[in-house]
Each structure stands twice: as structure tokens, then as C-alpha cells.
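Input: a single structure, listed below in C-alpha cells.
Computation of the quantities below employed the complete heavy-atom set of this structure, encompassing side-chain atoms and omitting hydrogens, waters and symmetry-equivalent molecules. By convention in this document, chain letters (A, B, ...) are assigned in the order of the sequence lines, proteins followed by strands, and residues within each chain are numbered from 1.
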2 protein chains.
Amino acid sequence: MPESYRQDVRDLALFADMDQVNFESLMRGSYVQNFPPRIDLITEGDSPDFLHVVVSGAVDLFSSWNGRETSMATVRPVSTFILAATIKDAPYLMSARTLEKSRIILLPSEDVRQVFEKDGAFARAIVTELSQCYRAVVKNTKDLKLRTSLERLANYLLRQMGRTGSSAFDLLMEKRRLASFLGMTPENLSRAFKGLEPYGVRVDGNHIKITDTEELMRFAKPSPLIDDHST
Amino acid sequence: MPESYRQDVRDLALFADMDQVNFESLMRGSYVQNFPPRIDLITEGDSPDFLHVVVSGAVDLFSSWNGRETSMATVRPVSTFILAATIKDAPYLMSARTLEKSRIILLPSEDVRQVFEKDGAFARAIVTELSQCYRAVVKNTKDLKLRTSLERLANYLLRQMGRTGSSAFDLLMEKRRLASFLGMTPENLSRAFKGLEPYGVRVDGNHIKITDTEELMRFAKPSPLIDDHST
DNA sequence: GTGGCCACTTGATAATTGTCAAGCCTTCGA
DNA sequence: TCGAAGGCTTGACAATTATCAAGTGGCCAC
């Protein structure tokens with residue numbers, strides 16, 4: 001292997017406090033792989049064989065039922081996905097595919113579970129990670145159940161504004177995926193963007209400019225208990 | 001205190017493998033309380049002061065935004081709620097109120113966090129619990145995003161049928177709360193019940209009878225990756 | 001270049017879901 | 001016993017969202 005990815009893993013909060021011996025035994029069976037865009041990584045219903053760590057690129061988590069499909073989340077570097085399935089040794093609830101060219105580290109699930117059983121620091125780190133994930137999904141559920149699609153879009157844009165620290169930014173995914181993520185159709189999203197124009201949202205392709213933050217916030221009514229993804 | 005609730009707590013998988021010394025230090029600051037129906041226990045946004053254990057009765061977890069309210073989950077004996085908020089020491093994302101007369105054990109959050117930090121078995125048990133919760137919420141999100149309200153109701157009824165092991169059963173909550181839980185209005189639920197009649201669902205008050213399971217399943221298309229709450 | 005592909009948009013229409021108002025029925029307490 | 005309250009239902013209607021079809025425009029391979 002030309003380069004080491006060990007440090008990428010060790011830098012993750014999930015693995016930072018782990019005992020060195022245990023860390024080594026985790027890394028022993030691991031490997032890194034490069035994927036082109038739009039490659040299926042895992043399929044919902046399958047058994048977890050590896051814990052995945054996204055080092056670069058981006059991964060889409062999505063689910064299907066009865067011919068329909070919906071985007072559940074986007075995983076960006078550096079973080080893991082399907083941690084819960086790995087620990088429980090239960091079937092994946094979501095499928096995953098690369099959005100861009102991505103570099104992904106694979107840690108054998110069995111090893112992860114073994115280390116989990118004997119390393120208290122690792123177990124505690126998993127708790128922190130899972131709490132975060134759990135709360136993120138709860139927030140997402142509140143977003144879905146309490147808001148209309150127009151309100152969800154407005155709040156999404158405000159979150160992106162906060163993330164980038166600028167009132168002008170580019171969408172970091174295709175609009176069709178954004179629509180799916182927000183629980184609506186592409187057509188509806190297209191109209192929703194128009195519907196936000198009166199509140200100070202200018203759209204040009206995938207470039208967004210918030211021209212009247214006050215007005216947009218008055219409409220969106222963002223709440224830390226839904227929109228603050230840091231807690 | 002006339003009776004001890006220690007065993008109720010110890011019987012929970014969450015606390016079963018915990019070191020006895022740590023268990024005692026957890027119980028030291030704890031107490032049990034009886035609540036009448038419809039009493040607010042916690043309010044979203046507040047800081048977690050106690051980890052709650054429902055010993056008897058039932059508790060509704062719900063969330064509000066902009067004057068709207070939605071039921072997120074029902075907690076039944078014997079289990080805990082707001083575990084993630086307690087561990088992270090982050091604000092509650094949901095409010096809680098009793099549905100019936102309930103008996104609830106309160107464990108000081110600070111004690112829970114302290115024991116969590118030093119007891120590996122406890123940390124591992126929390127991981128198991130949180131994984132379960134996380135996967136439950138993911139399933140719920142899939143239910144919401146991939147299904148119409150009629151399909152959600154149909155699958156809910158099938159789940160209840162599986163839970164009770166009988167094709168005739170009583171709804172265990174008010175229809176207005178069921179509606180809120182399923183992400184619809186009471187009026188819509190009322191019509192949805194009618195809409196399921198052709199698929200073999202008979203409704204009389206809160207008593208349900210599935211007269212044609214095959215037909216209902218053909219319509220509902222239940223999936224273990226959404227409807228099996230045991231994995 | 002140029003043709004095709006594909007995401008996106010737009011319009012027309014339909015399905016789904018929500019809102020409002022009224023009435024029914026059970027429950028519960030005076 | 002009666003009346004009020006509240007949950008449930010129903011009807012009429014409105015809002016939201018989805019579907020279908022057609023068109024636009026950018027991007028890429030040939």
C-alpha cells in the first residue's frame with residue numbers, strides 16, 4: 001500500500017481514545033478503497049460486513065420501498081456510516097452509493113464488535129457518535145412532520161447559510177437529490193424555490209443568494225431543536 | 001419508602017450488567033414518583049435533569065413547532081426515555097407527558113453520566129439501547145417518506161396484529177394521537193379507516209378486526225426493514 | 001460543431017391531505 | 001337526570017403535493 005490511512009481513522013473522535021492494542025487489531029483486517037461516482041456500496045437488508053469510513057468524496061444513504069426511493073442522508077469526510085447495524089449485527093436499513101469519486105476505509109464488522117466488547121473507551125465513543133446520529137434523525141422527523149415542504153426548504157437554505165457563513169453559496173447536491181432529501185418531488189422543489197423568491201431567495205442554477213435574511217427567517221422560523229445539527 | 005423499585009431498574013437490560021458499586025451510586029440519588037394522566041413531565045429545550053424510567057402506565061413523547069404539535073413515540077413499561085439527551089447533556093428534543101396514571105423512576109442525569117464514564121458494561125448497554133432507538137427512528141422516517149397515510153395506517157394495523165398475535169385487537173391509544181403519530185389529521189385518519197374497509201379492516205370504536213389479512217398485506221406491503229421493530 | 005442525454009423547469013391536471021364547521025355519541029360530574 | 005365537554009365522524013371546500021407531458025438548456029461524446 002503506497003500510503004497509510006491509519007491516521008485518518010485515528011483522527012476520528014470515534015477511535016481517538018481507543019487503546020492502542022485494540023486499534024491495531026482493528027486496523028489489521030482493514031483496507032482502503034477508491035470508488036468512482038454512482039457506485040453502490042451497500043444494499044439495505046444485507047448484513048453488515050464492514051464499518052465504512054468516508055475519507056474523501058461523498059456518500060448518499062437512501063432507502064427504497066415498493067418502487068419508491070428516498071434520500072435519507074449524505075455522509076461527508078471524515079465520518080462513518082452504518083455504525084448501528086455493525087454493532088447490532090442487524091441488517092442495513094439504508095443503502096449507500098457514492099455521489100462523487102470517493103475514498104473509503106473498510107473495517108471488518110466482526111473486528112469492530114470484538115473491540116467494542118473489550119474496550120470501554122471505544123464503547124463510550126460509540127455512545128457519543130450514536131447519540132449524535134439519533135438526535136439528528138429525531139430532528140429530521142420533526143422537520144418532516146411539523147413543516148410544509150416550503151418551510152423545510154427555507155430552513156434548509158438557512159442551515160446552509162450558517163454552514164458556509166455566507167449569504168451566497170452553492171447547493172452541494174443535485175436538486176433532484178435535495179428534493180428527495182426534503183421529502184418532495186423535483187417539480188415541487190422547483191416551484192418551492194420560486195415560492196421563496198418573495199422572502200429574499202435568489203436562485204441561479206445551483207447557486208443560491210439570500211438577499212433578505214430577516215424576511216426569510218421570519219418565514220422559516222428556524223429552531224435550534226430542529227435545525228441546529230451540532231447538538 | 002414503602003416499597004423498593006430497585007429491582008425494576010436492575011431488571012432493565014440497560015442496567016443489568018452494571019457493576020454493583022456503580023449501580024448503588026446510581027440508585028442513591030434516585031427516586032420514584034406517581035403521576036396522574038396528562039401530566040407534563042419534561043419540555044423540549046430544557047436541560048436533562050433526570051433519566052426517566054417508566055415502571056407502569058404510559059408516556060407520550062411529542063414535539064412542537066410554530067403552534068403545531070406531533071406525537072413522536074409512546075414509551076411503555078419497562079423502559080427509559082431521553083437517554084441520548086442525558087448522556088450528551090444536551091437539551092431535550094421532545095416533550096413528555098403521561099397518557100395514563102404512571103409510575104416513573106428518576107435517576108439524576110449527572111449520576112448517569114458519571115457512571116457511564118467509568119463503567120464499561122454500562123456504556124456497552126447504552127450502545128445497544130441507543131442503536132435500537134436510532135434504528136427505530138430511521139424506520140419511522142422511511143415509513144413517513146416512502147408511504148402514503150393510508151399505507152402507514154395499514155402497516156400500523158398489521159404491526160399491531162403481529163404484536164397482539166390476534167386479528168382482533170383494541171387500539172392502545174386515542175385515535176387523535178394515532179393520527180398525530182402517523183403524521184396525519186384526525187379527520188384524515190377517520191377517512192383512512194374507511195378507505196381500508198375494502199381491504200378487510202373492520203372498525204368499531206377503538207376495536208379493530210382484520211377480516212382479510214392476505215388482502216391487507218397485499219395492499220400494505222409490509223417490510224421488515226420498516227415494520228419489524230425488534231431488529 | 002452537433003446530436004443526444006439528462007437535469008431542470010413549466011403547465012395542466014389529479015390525488016392527497018388539511019381546514020372548517022356541524023353533528024353525533026360517550027363520558028363524567030353537578 | 002341532565003348538561004357540558006371532548007373525541008369522533010362527516011361534508012364541503014381549500015391547500016398542498018404529486019403526476020404526466022412537454023419544453024428548455026447545459027454538457028459531453030462523437
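Between B:Val32 and B:Arg103 there is a side-chain heavy-atom pair separated by less than 4.5 Å. Side-chain contact between B:Val53 and B:Asp8: absent, with no pair of heavy atoms (C-beta onward) separated by less than 4.5 Å. No side-chain heavy atom of B:Leu99 sits under 4.5 Å from any side-chain heavy atom of B:Glu174. Counting heavy atoms from C-beta outward, A:Leu83 and A:Cys133 have side chains that stay 4.5 Å or more apart. No side-chain heavy atom of B:Thr141 sits under 4.5 Å from any side-chain heavy atom of A:Met94.
Contacts with DNA chain C (heavy atom under 4.0 Å) in residues 142-155 of chain B: B:Thr148, B:Ser149, listed by number. Taken residue by residue, residues 67-76 of chain A places no heavy atom nearer than 4.0 Å to DNA chain C.
Of the listed nucleotides (C:dT19, C:dA7, D:dA18), D:dA18 has the atom at the smallest distance from the side chain of A:Thr185.
Between B:Arg176 atom CZ and D:dA5 atom P the separation is 16 Å, expressed in whole Å. Rounded to an integer number of Å, the gap from A:His207 NE2 to D:dG26 P is 17 Å. Taking atom CG on B:Leu178 and atom C1' on D:dT9, their separation rounds to 15 Å, with Å as the unit. Atom-to-atom, CZ of A:Arg177 to C1' of C:dC6 comes out at 17 Å; the value is rounded to the nearest Å. Here D:dT9 presents its C1' atom at 11 Å from CG of B:Leu189, a figure rounded to the nearest Å. A straight line from NZ of A:Lys175 to P of D:dG26 spans 13 Å, rounded to a whole angstrom. Rounded to a whole Å, the CE atom of A:Met173 is 16 Å from the C1' atom of C:dA7.
Using modelled atom types, no side-chain atom of A:Ser71 and backbone atom of A:Phe62 make a donor-acceptor pair closer than 3.5 Å. No donor-acceptor distance shorter than 3.5 angstrom exists from the side chain of A:Thr80 to the backbone of A:His52, with no hydrogens or angles considered.
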Side-chain donor-acceptor contacts of residues 220-231 of chain A below 3.5 Å, not counting sequence neighbours, with atom names and distances?
residue  : atom : partner  : partner atom : Å
A:Lys221 : NZ   : A:Arg218 : O            : 3.1
A:Ser223 : OG   : A:Leu225 : N            : 3.0
A:Asp227 : OD1  : A:Arg147 : NH1          : 3.0
A:Asp227 : OD1  : A:Arg159 : NH1          : 2.7
A:Asp227 : OD2  : A:Arg147 : NH1          : 3.4
A:Asp227 : OD2  : A:Arg147 : NH2          : 2.8
A:Asp227 : OD2  : A:Ser223 : N            : 2.9
A:Asp228 : OD1  : A:Ser230 : N            : 2.9
A:Asp228 : OD1  : A:Ser230 : OG           : 2.6

Do any side-chain atoms of residues 191-208 of chain A form donor-acceptor pairs under 3.5 angstrom with protein atoms, and if so which ones, sequence neighbours left out?
residue  : atom : partner  : partner atom : Å
A:His207 : ND1  : A:Asp170 : OD1          : 2.6

Could you go through the ring-ring contact (aromatic ring centres under 6.0 Å, His included) check for A:Tyr92 and A:Phe81 one step at a time? CA-CA 10 Å; A:Tyr92 299 138; A:Phe81 61 92; 8.4 Å; no
Audit row: B:Tyr156, B:Leu171, side-chain contact (heavy atoms from CB on, under 4.5 Å) steps and yes/no: CA-CA 10 Å; B:Tyr156 175 85; B:Leu171 296 175; 4.3 Å; yes
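With A:Arg152 as the partner, the side chain to side chain contact (heavy atoms under 4.5 Å, CB included) test is satisfied by one option alone out of A:Leu157, A:Leu144, A:Leu189, A:Leu146: A:Leu144.
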Would you tabulate the nitrogen or oxygen pairs shorter than 3.5 Å linking the protein to nucleotides 10-13 of chain D?
residue : atom : partner  : partner atom : Å
D:dT10  : OP1  : B:Lys194 : NZ           : 3.2
D:dT10  : OP2  : B:Lys194 : NZ           : 3.2
D:dG11  : N7   : B:Arg191 : NH2          : 2.3
D:dG11  : O6   : B:Arg191 : NH2          : 3.2
D:dA12  : N6   : B:Arg191 : NH2          : 3.4

For nucleotides 24-30 of chain C, print each protein N/O atom paired with a nucleotide N/O atom at under 3.5 Å, atom names and distance only.
none

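Looking at heavy-atom distances under 4.0 Å, B:Gly195 makes no contact with the nucleic acid at all.
One side chain, A:Asp11 or A:Gln7, offers a donor N or O that lies under 3.5 Å from an acceptor on the other.
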